[in-house]
Amino acid sequence: MISAAPFRDRVVHHALCNVIEPIFERTFVSDSFANQVGKGTHRALTRAQRLARRHRFVLQCDIRQFFPSVDHVILQARLAEMISDRRVLRLTEVILASGCGVLDERYDMVYFPGDDLFAVLRPRGLPIGNLTSQFWANVYLSPFDHFVKRELRCRGYVRYVDDILLFGDDKTTLSTWHQTVVRRLERLRLSIHPGAHPRPVTEGIPFLGFTVFPERRRLKRRKGVSFQRKLKRMVEACRAGRLPIAAVSASVGGWVNHARFGNTVGLRRAVLRRAAIAGCRDPLNSITRARVG
């Protein structure tokens, strides 16, 4: 569920991030790819594929209900470690408090070692649509990143928000890391989805909308099917005069730009071939010529 602050508040969020982001970004590991300038999904995919070529196995851990689970006390303590100005800290407290309870219906209570019944009352949750939430997600997990790199000494590591990949050449080592990761995340009051276990990289790694193999990437089937259905609806709306051709072109262009980061030439050709709109100039010809190959 996406929720965002009012416009006036978002201006404050941007101003705050402009001031404190440089302080924290210096402490982030290079293997964290979300919500940072010069990073992003495509660089994360490239890094994951390179590591799949170097290592035999991967342990994929997906944090359960990450944004609803972020604990305000732990996050505020982390912010206080790096911010000395009490007025700025007070502003972060106000912004954090404004998101308390927004995602409560998305959170299933988890009790961690040492909890009592009052743990259910702990303030938690970050609204996914706020700039501060995206930035604070990295702040919250930065100590975990350093733990993986420095204490586990895992050289093959990729994290994109709550999706974590650890690469290695020994299943036993990865299995040990799995248990250690679970215990470490408990300190942040986080848990991972069950079923995580070391797998050969040759089986393919489902990651950021693609399935990553050492030598190729495939767009996840449901992503292709979902876009084809969306395109069909847009074509029908365009035929009926409810949607301009430019909107169809923009949507297809965005999808093509994402899909081309996988081995999807055949898929893109098949999808675009169905996109001609009867009775109209084909709005996708320029996109097809420029991007399908």
Side-chain angles (χ1 to χ4, degrees), residues 2 29-67 128 134 137-138 141 145 148 154-169 174 178 181 192-232 250-275 284 287-288 290-293:
I2 306 298
V29 301
S30 60
D31 297 315
S32 169
F33 287 88
N35 309 309
Q36 298 176 64
V37 176
K39 298 292 188 71
T41 57
H42 297 141
R43 288 181 180 267
L45 285 163
T46 298
R47 174 64 172 165
Q49 188 167 42
R50 287 175 179 170
L51 291 171
R53 291 169 181 166
R54 299 175 189 171
H55 300 281
R56 296 172 56 203
F57 302 102
V58 61
L59 172 65
Q60 184 168 21
C61 301
D62 184 19
I63 297 177
R64 178 177 171 273
Q65 300 174 334
F66 173 63
F67 280 97
I128 296 176
Q134 306 300 319
N138 282 333
L141 285 173
D145 294 335
V148 172
C154 176
R155 295 184 177 181
Y157 177 61
V158 180
R159 182 179 65 79
Y160 192 92
V161 191
D162 56 350
D163 208 345
I164 300 167
L165 303 178
L166 293 88
F167 292 84
D169 294 309
L174 286 174
H178 175 218
V181 162
I192 64 174
H193 285 284
H197 63 279
R199 296 184 295 108
V201 295
T202 52
E203 291 183 359
I205 308 164
F207 189 53
L208 303 179
F210 291 83
T211 302
V212 179
F213 297 88
E215 302 301 331
R216 67 189 188 280
R217 299 178 205 163
R218 299 294 189 198
L219 189 71
K220 284 187 177 179
R221 184 179 182 277
R222 62 182 177 85
K223 296 288 185 179
V225 170
S226 175
F227 181 75
Q228 288 185 63
R229 291 173 178 169
K230 176 182 177 181
L231 182 57
K232 181 180 178 181
S251 181
V252 172
W255 179 78
V256 168
N257 273 331
H258 175 65
R260 69 186 177 88
F261 280 88
N263 302 97
T264 59
V265 172
L267 173 65
R268 282 178 275 152
R269 284 177 176 161
V271 170
L272 295 180
R273 199 174 291 124
R274 303 187 186 103
L284 309 174
I287 296 174
T288 303
R291 296 174 180 171
V292 165

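Because only heavy atoms are used, hydrogens play no part in the values below, and waters and symmetry mates are left out as well, while side chains stay in. Numbers here simply count residues along the sequence, with the first being 1.
Aromatic pair Phe210/His258: centroids less than 6.0 angstrom apart.
Using modelled atom types, no side-chain atom of Gln60 and backbone atom of Ala196 make a donor-acceptor pair closer than 3.5 Å. Checked by atom type and distance alone, the side chain of Asn138 pairs as donor or acceptor with a backbone atom of Ala34 at under 3.5 Å. Side-chain atoms of Arg268 never come within 3.5 Å of backbone atoms of Val256 as a donor-acceptor pair (strictly under, hydrogens ignored). Of the possible polar contacts, one joining the Arg53 side chain to the Pro214 backbone as a donor-acceptor pair under 3.5 Å is found. At distances below 3.5 Å, at least one donor-acceptor pair connects side-chain atoms of Asp169 with backbone N or O atoms of Arg56. In this structure, Lys220 contributes its side chain and Pro206 its backbone to no donor-acceptor pair below 3.5 Å. Side chain of Lys39 to backbone of Asp31: no donor-acceptor contact under 3.5 angstrom is found. Under a 3.5 Å cut-off, the side chain of Arg199 and the backbone N or O of Gly204 do form a donor-acceptor pair. Judged by distance alone, with hydrogens and angles left aside, the side-chain atoms of Arg218 form a donor-acceptor pair with the main-chain N or O of Asn263 at under 3.5 Å.
Residues Ala44 and Tyr160 share a closest heavy-atom pair of CB-CD1, 4.2 Å. Across all non-hydrogen atoms, the minimal contact from Leu59 to Pro198 is CD1-N, 4.0 Å. The nearest pair of heavy atoms linking Ala259 to Leu219 is CB-CD2, 4.5 Å. Taking each heavy atom of Ala52 and Ile205 in turn, the nearest pair found is CB-CD1, 4.3 Å. Taking both residues in full, the closest heavy atoms of Arg47 and Arg155 are given as NH2-O, 3.5 Å, listed atom of the first, atom of the second, then distance.
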Please walk me through it: do Gln49 and Val158 pass side-chain contact (heavy atoms from CB on, under 4.5 Å)?
CA-CA 10 Å; Gln49 188 167 42; Val158 180; over 6 Å; no
Take Val29 and Val148, measure what side-chain contact (heavy atoms from CB on, under 4.5 Å) needs, and give me the verdict at the end.
CA-CA 10 Å; Val29 301; Val148 172; over 6 Å; no
Run the side-chain contact (heavy atoms from CB on, under 4.5 Å) check on Leu51 and Tyr157 step by step: do they pass?
CA-CA 8 Å; Leu51 291 171; Tyr157 177 61; 5.9 Å; no
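Taking the side chain as every heavy atom from C-beta outward, Val58 and Glu203 never approach each other to under 4.5 Å. Contact annotation: the side chain of Leu45 approaches that of His42 to within less than 4.5 Å [non-hydrogen atoms, C-beta and beyond]. Side-chain atoms of Leu166 and His55, non-hydrogen and from C-beta on, never get closer than 4.5 Å to each other.
Heavy atoms from other residues, nucleotides or ligands lying under 6.0 Å from CZ of Arg50 number 12 at most. Within a 6.0 Å radius of NZ in Lys223, no more than 12 heavy atoms belonging to other residues, nucleotides or ligands are found.
Of the listed residues (Phe207, Phe66, Phe33), just one forms a side-chain contact (heavy atoms from CB on, under 4.5 Å) with Asp163, and that residue is Phe207.
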